[in-house]
Every structure is written in C-alpha cells, then in structure tokens.
Amino acid sequence: MFHHDRARTGRSQVNTSANNGKLKWTFATDGPVVTTPAISAGGTIYIGSDDSNLYAVKPDGTQKWKFKTGNIVQLSSPAIGADGTIYFGSDDGNFYAVTANGRQKWKFATHATVESSPAIGTDGTIYFGSRDHNFYALRPDGAQKWKFETGGDVTTAPAIDADGTIYVGSFDHNLYAVNPNGTQKWKFATGGYVASSPAIGGDGTIYFGSSDANLYALGRDGTRKWALKTGGLMWSSPALGIDGTIFVGSLDHNLYAVNPDGTQKWKFETASAIEFSSPAIGADGAIYVGSDSHDFYAVNADGTQKWRCATAIRSDAVSSPSIGSDGTIYVGSYSQNLYAVGTGSPTPTAPTTPGGR
C-alpha cells in the first residue's frame, strides 16, 4: 500500500556546480538515439539510431564501424552474446545478429516492427518480442525455437529468472510468465498496456510498470504482492538497488524510490516526464536518469540531487543510460548524439540497466 505520510520530495536546492558530471565526448549520428547503449568487455559501446544504423563506438568516442539495416533502429537496444555477437531488432521487421567486427551473421524476419530489446539465456537462446503480437525464442544460429502468441504488441525487453522462466509484457495489458519450452506458466492482468520491462528481485519478486500508472510487485506464482500508484504512465523500467530499493521513473515528472514492501521511500521531481529513460545505478549508489527536457540527473541514494547536466546534453529526451567499468555514463538522445559523461565512480556493483524499454 502507498503511504503518503512516508513520502517526501528529494529535489535538492543546493549548488551542485562543483560535482557536476563532466562531458567527456559526443558521438554524432544522423538520427535520434533512444536505444540503451550496450558495452562490451573491451569497452566498445553499441547503439542503434533512427538513421537505420547500429554503431560500434570506441571508448575514446570514435567510430569503430556501423551496420546498416532496412529501417530505423528505434527502441530495440542491443544485447551482446558470450561470443561477442550483437543482437538487436529493427523497424524493418527483422531481428539481427551482427559479429563483433560489424558483419551480418544472420537475420530473422517477423511480421512487424521489432522494438523489444533482447535477453539472452544461459544456453544462448535469444528472447525478444515483436509488434506482430509474438514473443520469440531463437537458437544462436538464428533458427526459431518457438514463438509465444500474446494479444498485443510486445515491445519490452524480457527478464529471465534463475529457473529459466521468462517474464515479458504485452500491449494486451498482461505480464506473461513463459516456460523455457514456450508454454504459458501464468499471466497477470493490469489496467493498462505493459511497456515497462520487468526486473527480478533477489527473492524472485517481479517488478514492472504499466500505463495504468502503477508499479507492480508479483510473486513467482503470479500473485500480486502490492501495487504503488504514481501520477502518470509508467514506461520506464525499474532498477534494483543492493538493499532491494526499487527505482523507477514516471510520466508524472518523478523518479520514485520504493521499499521492497511497496511503500514509497522518496520521490525526486525532474523538469519533465521520464519517458524513454530507465534508471541506472552506480557503484556509489547514485541513480542516473534522463527526462524529456534537456536534463540528465544524478540522484543520491537518499533522494537528493547530486548533479544535473542540463548544458552538456541538449535534447528533448534521452535514452536509458549505461555505465562503463570506469564509471563513465553513456546515454543517447533525440539530438542524434551519444554522450559520454564522466563521474569518477568505479565499476557498478549490479547490472546498470534493466534491458531497455
């Protein structure tokens, strides 16, 4: 239950000019960059752009290569396989596998736009959704293992549980739990479409947002533990702190910190809606997130503002950030750029993104 008396606004009024994140470099593409960057073990950053290309960018901000698709790479963020293969979808209806040197390995055709970001199982199976209402499982060679039909577009990244269960949302207002063999385990109905990718807690709790403005927590059996109501649609995907705190953005202009029991810990007001950007957590516990204005925020674990980067990043919206091994934050933008922002923080202690939208 949402207890209003436990909520507080964590917007800082202090001058943060001394500890602002500093722009290291900018990499320009010819289209908006809304995908979440993926970072290889060697430090190469992979991003998709609405100019129909997937880019490989070196840690110094120079281009390594680019790979042309048949249409824009709008929301499908790349994922990197154990062998270095990069997997991602495109608005041309295809799902691509590209080698680490930028050559096409294979492509798999669906019947609609692929905006879902992929997830890779321990056995190498690649999972992703399509606007053709299907959720797919492919083998590493590109052959279809199975497909699972939902009642609506599947645009979110799936999450894979330790037992192999895959959780994925659909525009038919449901979150699905799918067995590794492609059969339905259960489904949970919300009051709106599910465009938020799920995150799985250490105890197996599944967290995700819905367009009905709720953040949901479900047990592994699909029963509802709690729901926290925000003031706007929730397209942002949750990120989990080491202590179990759930961080998630809302179109009501707030970043929320939620306790594992569903009570609000704090909320941090941003200048505009948090739409495409899902939070990432640094090693020092700072939470990084962008809003639909030209603002990118670092928020302390207590909900106060660490810094606000409003001048270096000029854009109407920014993507979900990723954090490199040296603490550098990589974030895309509608201004057609990928930005690298230095923080001085070390390697993050947990996955820095929930897989994109």
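Note that these values count all heavy atoms, side chains included, but never hydrogens, waters or copies made by symmetry.
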If you measure from the Lys or Arg side-chain nitrogens to the Asp or Glu carboxylate oxygens, is any gap between [X] and [Y] under 4.0 Å?
{"X": "Asp83", "Y": "Lys105", "result": "yes"}
{"X": "Asp326", "Y": "Lys24", "result": "yes"}
{"X": "Asp30", "Y": "Lys66", "result": "no"}
{"X": "Lys185", "Y": "Asp161", "result": "no"}

Is the shortest side-chain heavy-atom distance between Phe188 and Tyr216 below 4.5 Å?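 Phe188 vs Tyr216: side chains touch.
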Result of checking Thr113, Thr110, Thr155 against Ser130 for side-chain hydrogen bond (donor to acceptor under 3.5 Å, both in side chains):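 Checked Thr113, Thr110, Thr155 against Ser130; only one passes side-chain hydrogen bond (donor to acceptor under 3.5 Å, both in side chains): Thr110.
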Are any side-chain N or O atoms of [X] and backbone N or O atoms of [Y], one a donor and one an acceptor, separated by less than 3.5 Å?
{"X": "Trp106", "Y": "Val98", "result": "no"}
{"X": "Ser170", "Y": "Asn174", "result": "no"}
{"X": "Asp261", "Y": "Thr263", "result": "yes"}
{"X": "Asp123", "Y": "Thr125", "result": "yes"}
{"X": "Trp226", "Y": "Pro260", "result": "yes"}
{"X": "Thr150", "Y": "His133", "result": "yes"}

Just jot down the side chain to side chain donor-acceptor pair (under 3.5 Å) partners of Arg131, sequence neighbours excluded, or say none.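 Per chain and number, Arg131 pairs via side chain to side chain donor-acceptor pair (under 3.5 Å) with Glu115, Asp153.
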Are Tyr207 and Leu218 linked, directly or through intermediate hydrophobic residues, by side-chain heavy-atom contacts shorter than 4.5 Å (ILVMFWY only)?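 They do not share one cluster, since no chain of ILVMFWY contacts under 4.5 Å joins Leu218 to Tyr207.
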Using the rule that two of Ile, Leu, Val, Met, Phe, Trp, Tyr join whenever any of their side-chain heavy atoms come within less than 4.5 Å, decide whether Val168 and Ile206 are in one cluster.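 Different clusters.
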Quick one about [Y] and [X] (side-chain donor to acceptor, distance below 3.5 Å, no hydrogens or angles considered), yes or no?
{"X": "Asn214", "Y": "Ser210", "value": "no"}
{"X": "Trp235", "Y": "Tyr193", "value": "yes"}
{"X": "Ser250", "Y": "Thr230", "value": "yes"}

With ring-ring contact (aromatic ring centres under 6.0 Å, His included) as the criterion, how do Phe128 and Tyr136 come out once you've worked through the C-alpha distance, each side chain's angles and the decisive distance to 0.1 Å? CA-CA 5 Å; Phe128 69 97; Tyr136 291 89; 5.4 Å; yes
Which distance, rounded to the nearest 0.5 Å, do you find between the OG of Ser291 and the CG of Asn254?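 It comes to 11.0 Å.
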Once you measure the plane-to-plane angle for Phe67 and Tyr96, does it fall in the parallel (<30°), tilted (30-60°) or perpendicular (>60°) bin?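 Aromatic pair Phe67/Tyr96 classed perpendicular.
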